[in-house]
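Protein chains get the first letters and strands the later ones, always in sequence-line order, with residue 1 at the start of each.
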2 protein chains.
Amino acid sequence: MRPGHHAPDGYDQSSFPRFAVTVDIVILTMFQATLQVLLVRRRADPYKGAWALPGGFKRPDETLDEAAIRELREETGVKAPKHLTQFAAYGDPGRDPRTNVVTVAYLAVTPDVGQILAGTDADEARLWSVAEAVAELELAFDHDQILADAIEQAARQLEQSDLATAFVGPTFTISELKSVYEELWEEEIDAPNFRRQLFVEAPSPASYVAPTGERRPSSPKGGRPAELYRAGPAWKTEPPLRRPRKRRPEK
Amino acid sequence: MRPGHHAPDGYDQSSFPRFAVTVDIVILTMFQATLQVLLVRRRADPYKGAWALPGGFKRPDETLDEAAIRELREETGVKAPKHLTQFAAYGDPGRDPRTNVVTVAYLAVTPDVGQILAGTDADEARLWSVAEAVAELELAFDHDQILADAIEQAARQLEQSDLATAFVGPTFTISELKSVYEELWEEEIDAPNFRRQLFVEAPSPASYVAPTGERRPSSPKGGRPAELYRAGPAWKTEPPLRRPRKRRPEK
DNA sequence: CAAATAGTGTCTCTGAGACAGTATTGG
DNA sequence: CCAATACTGTCTCAGAGACACTATTTG
């Protein structure tokens with residue numbers, strides 16, 4: 001509470017409607033070059049048995065960000081990644097059949113969710129491929145919409161922040177990074193050009209990626225082992241790739 | 001309420017904390033090539049006498065968008081423009097000294113706010129230049145932060161939507177449009193290049209701007225009269241300008 | 001050896017930016 | 001005439017994209 005202001009005596013708390021406020025968290029990760037989302041199966045009504053985004057009620061003594069971190073941990077056992085950004089609020093009447101609920105949706109991205117442990121409100125918690133989840137599941141509440149909005153948000157953030165590196169862990173190969181862009185932008189990227197943009201374009205002494213000197217052993221299918229890189233200082237200030245514009249129709 | 005789900009009998013409404021939910025609206029407009037924001041002076045505590053963003057309590061039977069439209073009209077008499085986008089939620093404990101309030105912030109942009117009428121909760125309502133408001137006013141609650149976030153949001157939206165045309169009315173001169181970009185991006189734009197991008201780059205038969213054949217009389221200071229244009233169909237799908245990247249330091 | 005994946009070198013061409021110059025108004 | 005604003009034409013150069021080629025691994 002700010003100094004110099006306090007609730008006047010006799011302030012009528014019932015003069016405006018009150019709502020439950022929840023947070024819902026969309027955790028995205030890359031696994032086998034495929035975009036994955038963390039979902040929980042609801043143990044209780046409403047939507048008992050349906051898959052849903054992890055989330056729950058905000059408490060009065062915590063910020064929205066804190067509520068998101070806490071609920072994610074309680075429901076799935078997952079430690080919230082650094083990049084945790086609020087991206088939308090949903091408050092349509094009837095979006096929760098129980099009562100009036102306004103939810104604030106968060107997006108976070110991680111290279112590795114770690115151990116997943118279903119909490120007390122969930123029968124099960126696991127990663128789903130986003131393609132499968134969208135095609136085959138009917139998510140609880142308006143979570144289909146929230147998930148779609150989250151993915152659009154992530155695609156935009158790739159171009160304007162260092163979100164890409166949040167998908168890939170402290171060291172990564174160029175191919176891994178490329179697959180992040182390809183999955184989220186639904187565009188094929190030319191590997192040689194992708195490399196060049198990372199290496200050549202960085203503002204002066206800073207660089208987008210720095211070699212570690214180490215290499216990742218090649219897969220059982222063969223192929224040259226890829227070199228490992230870490231994110232350089234330039235990434236924070238100026239993300240390297242611009243999203244391709246839609247191609248013009250032929251003249 | 002969705003079909004197939006209903007509140008179970010005896011559902012305990014008090015099992016989770018409840019909040020007031022408000023909406024706050026940032027209305028931006030261009031006047032004399034300067035970015036302006038619509039503010040109200042608070043009639044009641046808390047922050048009585050301080051300038052604040054228009055806004056107020058959401059009702060249970062309306063969506064967040066509807067609440068924003070209604071509150072804007074009630075507090076300022078301004079009819080909500082088409083582009084009305086939610087951009088953030090604020091819920092820190094104590095951000096409102098009265099009670100627990102979560103607010104959802106909206107951004108809208110308009111060429112002309114029309115008649116401004118202070119509502120019952122406001123002593124006064126008027127446009128402020130953003131530069132002045134940021135430098136000289138102490139806005140109520142966390143509205144300083146909300147305003148700053150709104151401007152950043154608008155600058156980004158210019159690059160990814162047709163927001164620019166929302167600033168300038170149905171017909172406009174190229175100079176007017178240019179000043180929108182210059183104010184929000186805080187970048188000088190070369191007028192000849194700006195024109196070319198609007199005319200040459202549109203995807204096939206669509207165009208970014210269409211000439212109306214009319215001209216705007218020149219100002220008392222002289223100068224050639226500017227031709228008037230209207231927004232073309234291409235703008236919706238692919239905004240014409242990309243925000244300039246920060247310049248590299250010299251080698 | 002072939003298949004698979006990683007990485008290099010080069011060419012082309014679009015389009016962003018700089019800027020010189022022309023057009024049309026008011027005073 | 002000059003000042004002010006609108007508009008046109010032209011040059012340059014960075015950088016996005018296409019793609020041929022080389023390198024290093026598994027089997």
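If you measure from atom CG of A/Leu241 to atom P of D/dG15, you get 13 Å, rounded to the nearest angstrom. Whole-Å rounding puts the A/Arg215 CZ to D/dT25 C1' distance at 9 Å. If you take CD of B/Glu238 and C1' of C/dT14, they are 14 Å apart, rounded to a whole angstrom. Rounded to an integer number of Å, the gap from A/Phe194 CZ to C/dT8 C1' is 17 Å. For B/Tyr181 and C/dA16, the OH to C1' distance is 15 Å, given to the nearest whole Å.
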For residues 124-133 of chain B, please give each side-chain donor-acceptor pair under 3.5 Å, one per line with the distance, not counting sequence neighbours.
| unit_1 | atom_1 | unit_2 | atom_2 | d |
| --- | --- | --- | --- | --- |
| B/Glu124 | OE1 | B/Arg41 | NE | 3.3 |
| B/Glu124 | OE1 | B/Arg41 | NH2 | 2.9 |
| B/Ser129 | OG | B/Ala131 | N | 3.4 |
| B/Ser129 | OG | B/Glu132 | N | 3.1 |

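No engagement by A/Arg216 is indicated, since no non-hydrogen atom pair under 4.0 Å with the nucleic acid exists.
Under the 3.5 Å distance criterion, the side-chain polar atoms of B/Gln160 are left unmatched by any main-chain donor or acceptor of B/Gln157. Remark: side-chain polar atoms of B/Trp235 are not paired, donor with acceptor, to backbone N or O of B/Thr165 under 3.5 angstrom.
Aromatic pair B/Phe141/B/Tyr90: ring centres not closer than 6.0 Å.
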**OP:** Let me have a per-nucleotide readout for nucleotides 1-11 of chain D, 5' to 3', with B, S or -, counting only protein heavy atoms under 4.0 Å.
**Re:** ---BBBSBB--
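Residues satisfying the side-chain contact (heavy atoms from CB on, under 4.5 Å) criterion with B/Arg73, sequence neighbours excluded, are B/Lys79.
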**OP:** Test A/Tyr106 against A/Leu72 for side-chain contact (heavy atoms from CB on, under 4.5 Å), laying out the working first.
**Re:** CA-CA 10 Å; A/Tyr106 278 80; A/Leu72 177 63; over 6 Å; no
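Regarding contacts with the backbone of D/dA16, a side-chain N or O of A/Gln197 is found under 4.0 angstrom from either OP1 or OP2. The side chain of A/Arg242 places no N or O atom within less than 4.0 Å of a non-bridging phosphate oxygen (OP1 or OP2) of D/dG15.
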